[in-house]
Protein chains: 4
Amino acid sequence: MRALVYHGPGNKAWEEVPKPTILADTDAIVQVDAVTICGTDLHILKGDVPAVTDGRILGHEAVGTVEQVGSGVKNVRVGDKVLVSCITACGACRFCREGSYGQCLGGGGWILGHKIDGTQAEYVRVPFADTSTHKAPAGMSDEDLLMLADILPTGYEVGVLNGKVQPGDVVAVVGAGPIGLAAIMGSKLFSPAHIVAIDKADSRLEAAKQFGADVVVNNGREDPMAAIAALTDGLGADVAIEAVGVPATFELATELVRPGGHIANIGVHGEPATLHLESLWIRNVTITTGLVDTYSTPTLLKLSSGHQVEAGRFVTHHFALNDFMEAYDVFGRAAETGALKVVLTRS
Amino acid sequence: MRALVYHGPGNKAWEEVPKPTILADTDAIVQVDAVTICGTDLHILKGDVPAVTDGRILGHEAVGTVEQVGSGVKNVRVGDKVLVSCITACGACRFCREGSYGQCLGGGGWILGHKIDGTQAEYVRVPFADTSTHKAPAGMSDEDLLMLADILPTGYEVGVLNGKVQPGDVVAVVGAGPIGLAAIMGSKLFSPAHIVAIDKADSRLEAAKQFGADVVVNNGREDPMAAIAALTDGLGADVAIEAVGVPATFELATELVRPGGHIANIGVHGEPATLHLESLWIRNVTITTGLVDTYSTPTLLKLSSGHQVEAGRFVTHHFALNDFMEAYDVFGRAAETGALKVVLTRS
Amino acid sequence: MRALVYHGPGNKAWEEVPKPTILADTDAIVQVDAVTICGTDLHILKGDVPAVTDGRILGHEAVGTVEQVGSGVKNVRVGDKVLVSCITACGACRFCREGSYGQCLGGGGWILGHKIDGTQAEYVRVPFADTSTHKAPAGMSDEDLLMLADILPTGYEVGVLNGKVQPGDVVAVVGAGPIGLAAIMGSKLFSPAHIVAIDKADSRLEAAKQFGADVVVNNGREDPMAAIAALTDGLGADVAIEAVGVPATFELATELVRPGGHIANIGVHGEPATLHLESLWIRNVTITTGLVDTYSTPTLLKLSSGHQVEAGRFVTHHFALNDFMEAYDVFGRAAETGALKVVLTRS
Amino acid sequence: MRALVYHGPGNKAWEEVPKPTILADTDAIVQVDAVTICGTDLHILKGDVPAVTDGRILGHEAVGTVEQVGSGVKNVRVGDKVLVSCITACGACRFCREGSYGQCLGGGGWILGHKIDGTQAEYVRVPFADTSTHKAPAGMSDEDLLMLADILPTGYEVGVLNGKVQPGDVVAVVGAGPIGLAAIMGSKLFSPAHIVAIDKADSRLEAAKQFGADVVVNNGREDPMAAIAALTDGLGADVAIEAVGVPATFELATELVRPGGHIANIGVHGEPATLHLESLWIRNVTITTGLVDTYSTPTLLKLSSGHQVEAGRFVTHHFALNDFMEAYDVFGRAAETGALKVVLTRS
């Protein structure tokens, strides 16, 4: 089969590789029907994730059709259309029992396209298939479903639920890239009074409006503190969601929040930030971090199949699997191409 | 009357000042029966709290007897024995309605011995007396009661409740000074499996054992990470409570906690800390900060009057009010004197 | 002035009475600009609420203009346009400090038009004015604001928040009268997957659709269990809200809910219900009851002034104050007149 | 092998039966080292549980040694000493993913000694062994461990955690049989101010004192309402735990609770109770029911192995497996024999 293979920093290829086989009795082999590229894949390609080594097939998001299952797989059947989640769960360890699948101690967590071969291929081996896939709801398109592999649960769990967005809140979202947009889409489910999107790119702010932000601030030329203050009698945002992953945006999020408010970090950080405890110690703030656990996937499946969450809105570009190199190029130049999520499908 | 008056960094005096009078109809004048000194008072004396100006009477903790009340005071009566809380609450603003009295927008919060004259005096004016004092339970000593003015609710709310200590948890308390001991005492109310006290002074660790820590680590010569790992299969503490207020101890607390754990900052910080988001972003941690709100005071009154919390255990030294300068000296040299809390009473 | 006065079961009159005066320093006298009638007022008129005695002015909902305040009122000023809440709060008792104003031990709770004279009059005395009124937001109509005096916070707090409605839930609302509609409107703030309205009157079910129910069941001729089962793989509703107040509807609510689900009772009951513990003991259900506390009024003010909650949608009929008897007649014959909420305004 | 077999109402025998074998690849065969009898077993013997049919081996609590595992069992190994939980969990269904194992949709839940053969035997087949057993902690006795199979998690989850016992609370426990005692033991972990045990048997009240109740009320001759009122300024208990399972005790629990309080039903009920909504609708109470899920077993293992929970305190009588008929006799005449829990061990 063909797959997108990592060959060290800066190098990748869409090339012929052996088709995966069942290694453990709880594995499934899934034929990939639709797959996407994550910002994390770009990080890997820069060499930022040393655990990913030469020869690894990338990708941790897919919708596919089950081709084969191990003898220990009970609930997933050959022929099922399934969502392959970015998080694999052994289902039996302490963290899996608590729904913290991202912290799985039994060999799961984020492993696809990271520690084992991933989804950017014609076929993928999915460990712990019973607890790591979700059956596709009737009538939901592959494309909509694919957005539930990572981006939507990440924005919803790590941003919205960790941040405890409530009706009537003022929510500040720092960063209006795909993950910030997912946080905006998820926040709307709780009917905040205002969603304020903050970014330095007007095109992203325009997208933020489409996804549900009612106030946008270009912090290249406008003061986000003033914008938030105007909406909150000077108190600050109830919730500030960090969706970039650099120190400056995290520090901005901590400044924007009111006494008693929540700062939910979604961004993947590569270096430390400064925490201004000299002003924050007295302000009763709560800061959360998190890798997605995907415990919310069943909820998002209901909301997406009922069109209360318009998952497909993220998809800006379509490709065939054989055009994977071009898809990476378009996604990698998002500032120019306007790409949010690209979808590759088998023909 | 006589009072302990701040005269700029390094200067204070026990001197004659005018007796306070009712300024607002919700004020009470309270004759001080017992009063203590807080670590924050030492910070003020170093000049660390610029809002405190020359001429200010210090102190934000007292037990006293109501001498006079304004016409708008409904529930507090002349002759009542009351606890004067470190936090004053207007009772009507948005934050007071939510129980966040420390963040009061109506003129309260931490004001005694800070923005208005405090309790280290023969008499003190207490604004918003109905919502800023608590009637003494029958049979509770002044000394026990006094520990509920600040230290016990601070350790309990900002450390234990913010940290969400639960039965069976492993709790790490970084810093075994009075506030760390209060966090230890409060943690025991939730029956954790282990309380690990971490400090560089053996005398403080000895006190920590008395207050309920079952494991102590001198991090001047022992590795707290190893001690926590040994108790938690290498996962880390469920809750880490920071009770010092310097960057190093905060950073240690963030290292000690397990994936999914809580870091509760109690320490009063004067400078920023480094937040290692490059490792924490993926670990699902929750970090909280907070000034005490004293919403837990009614609970602590029940537990102290029933001797489930032995509040008086903090008291190491006793003085008469007229010996206030000596009391500051003893409390200021705690490392030598072993002082935890000093109590001054009127004769 | 003129007022609607109760004269024992079945008797009421719009008649001349003395204008109220300040009795306590925390009172305000409010000139009534807009007032409505509650289903509870009809219960009182039937003699169901013995605490209401001959001569009592009815009504516990109003929007008005402050004419006079006692010397102890700090935040409400003469000339302020205010919402007079159905719940009066002393602000200092244990329950008020916890936000449970409906359970006030200091002389508040539901007292207007019950234990003291109410709002169906040209003027009303409002005790504890600082903690029992809310300043009108700029640009919000009296009519919209009036819906926040009782019906909206009741549906939201006692139905939606007690029932813990979450995104993706299936919510069953038993009873589609005004309070059931308020629960439907409030539920939508949390983006449930389905809201199922259940009633025996098609006209009410039609209204339920307008308010946001996507499935309606006439349980005079259809089986609500089957309807819920079809939406939930046979499991039952996540949340069942009782909005009638008779045993049969409460029992239906307990049957409709899934294992682990919530039953939120809003209805005012006059007799016991049967609780089928022989089947419920094993089903992990949570049943809540409650008088509204109005702690959610600040949130609802934000959502209504921002038109995320269309509060005015309840108003079906308008009258002048002098037409109070006619207004009662129209509201009392709601089945014929289609009345949801009637609004009376001064000319 | 020999086993305790049910032969219809009133009939049971300790008799020779075939040894169980692996039926599914996730099964384990466990040799029973210690087993006990539950009050539910007595209900079954009266014919109250029609799902249990002639020929069924009873029992749902055991400590044993793994003799054989199916090919799909990953974490449990032959020779492991394990706790066999009363609840079996498939680990993959919606409820198991939420920790509600008692409501398992995948073939688990309470099945041992109910729908499949149970633990009162020399060997037992345990389905879904990975998610239905817990490895014994080092140094914990079989007898202590056995108390975690059912009674302790039931009292803790369904009574204490559902009831939301908090430090400083007044907790009323209605019924001081074994399950009421478990609720008392569990409540103490949260440091309530008072635990009030209510029963009509003085011997049970004496046991309640040993387990941690500080107030006991014989409601055959004393008024529990008065006792609770005296401790709560007339308000009522913060939490009332029902631990009997008949209408009168449930109704008493609903009367004992304060406005805003919690009623946690643990009792197994055979008939409906009357719910006095005419008085409860306005009192903001929360009523919970529940079958144990055993999600708290890991916590209780930590607390028991650390002796913070003295699990073995329940054990009043010891027998050999071959004395099973006598053990039933002693346990069935608990009022005379004083039996709380009987333990049978293999020789």
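Residue numbers start from 1 in every chain, and the chains themselves are labelled A, B, ... in the order their sequence lines are given, proteins ahead of strands.
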Query raised in the report: When only pairs under 4.5 Å are counted, which of B/Thr288, B/Val285, B/Leu235, B/Ile263 shares the most heavy-atom pairs with chain A?
Result: B/Val285
Query - Top of B/Val268, B/Leu280, B/Asn265, B/Thr274 for chain A proximity - count of heavy-atom pairs under 4.5 angstrom - result: B/Val268
Query raised in the report: Where do B/Thr286 and A/Thr286 land on the side chain to side chain contact (heavy atoms under 4.5 Å, CB included) test, with the steps shown first?
Result: CA-CA 7 Å; B/Thr286 300; A/Thr286 301; 3.6 Å; yes
Report task. To the nearest 0.5 angstrom, please state how far the CD1 atom of B/Ile287 sits from the OG1 atom of A/Thr254. Result ->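 So the CD1 of B/Ile287 and the OG1 of A/Thr254 are separated by 11.0 Å.
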Query raised in the report: Measuring from B/Asp233:CG to A/Arg94:CZ, what's the distance to the nearest 0.5 Å?
Result: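 Between B/Asp233 CG and A/Arg94 CZ, I get 9.0 Å after rounding to 0.5 Å.
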Query raised in the report: Between A/Ala273, A/Ser279, A/Gly102, A/Gly270, which shows the greatest number of heavy-atom pairs under 4.5 Å with chain B?
Result: A/Ala273
Query raised in the report: Can you find a heavy atom in the side chain of B/Glu271 that is under 4.5 Å from one in the side chain of A/Leu277?
Result: no
Query - 4.5 Å side-chain heavy-atom contact, A/Ile266 and B/Trp281 - result: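 A side-chain contact under 4.5 Å is absent here.
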Query raised in the report: Can you check whether A/Ile282's main-chain N or O pairs, donor with acceptor, with B/Thr289's side chain at less than 3.5 Å?
Result: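 No; judged by distance alone, with no hydrogens or angles, the pair does not exist.
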**Report entry** A/Asn284 (side chain) donor-acceptor with B/Gln103 (main chain) under 3.5 angstrom
**Finding:**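 Judged by distance alone, no pair lies under 3.5 Å.
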Query raised in the report: For the residue pair B/Pro272 and A/His276, what are the closest heavy atoms and their distance?
Result: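 Minimum heavy-atom contact is CG-ND1, 3.7 Å.
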Query - Part of A/Asn162 lying under 4.5 Å from any heavy atom of chain B - result: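 For A/Asn162, no heavy atom lies under 4.5 Å from chain B.
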Query raised in the report: Can you say whether B/Leu105 sits under 4.5 Å from chain A via the side chain, the backbone, both, or neither, judging by heavy atoms?
Result: side chain
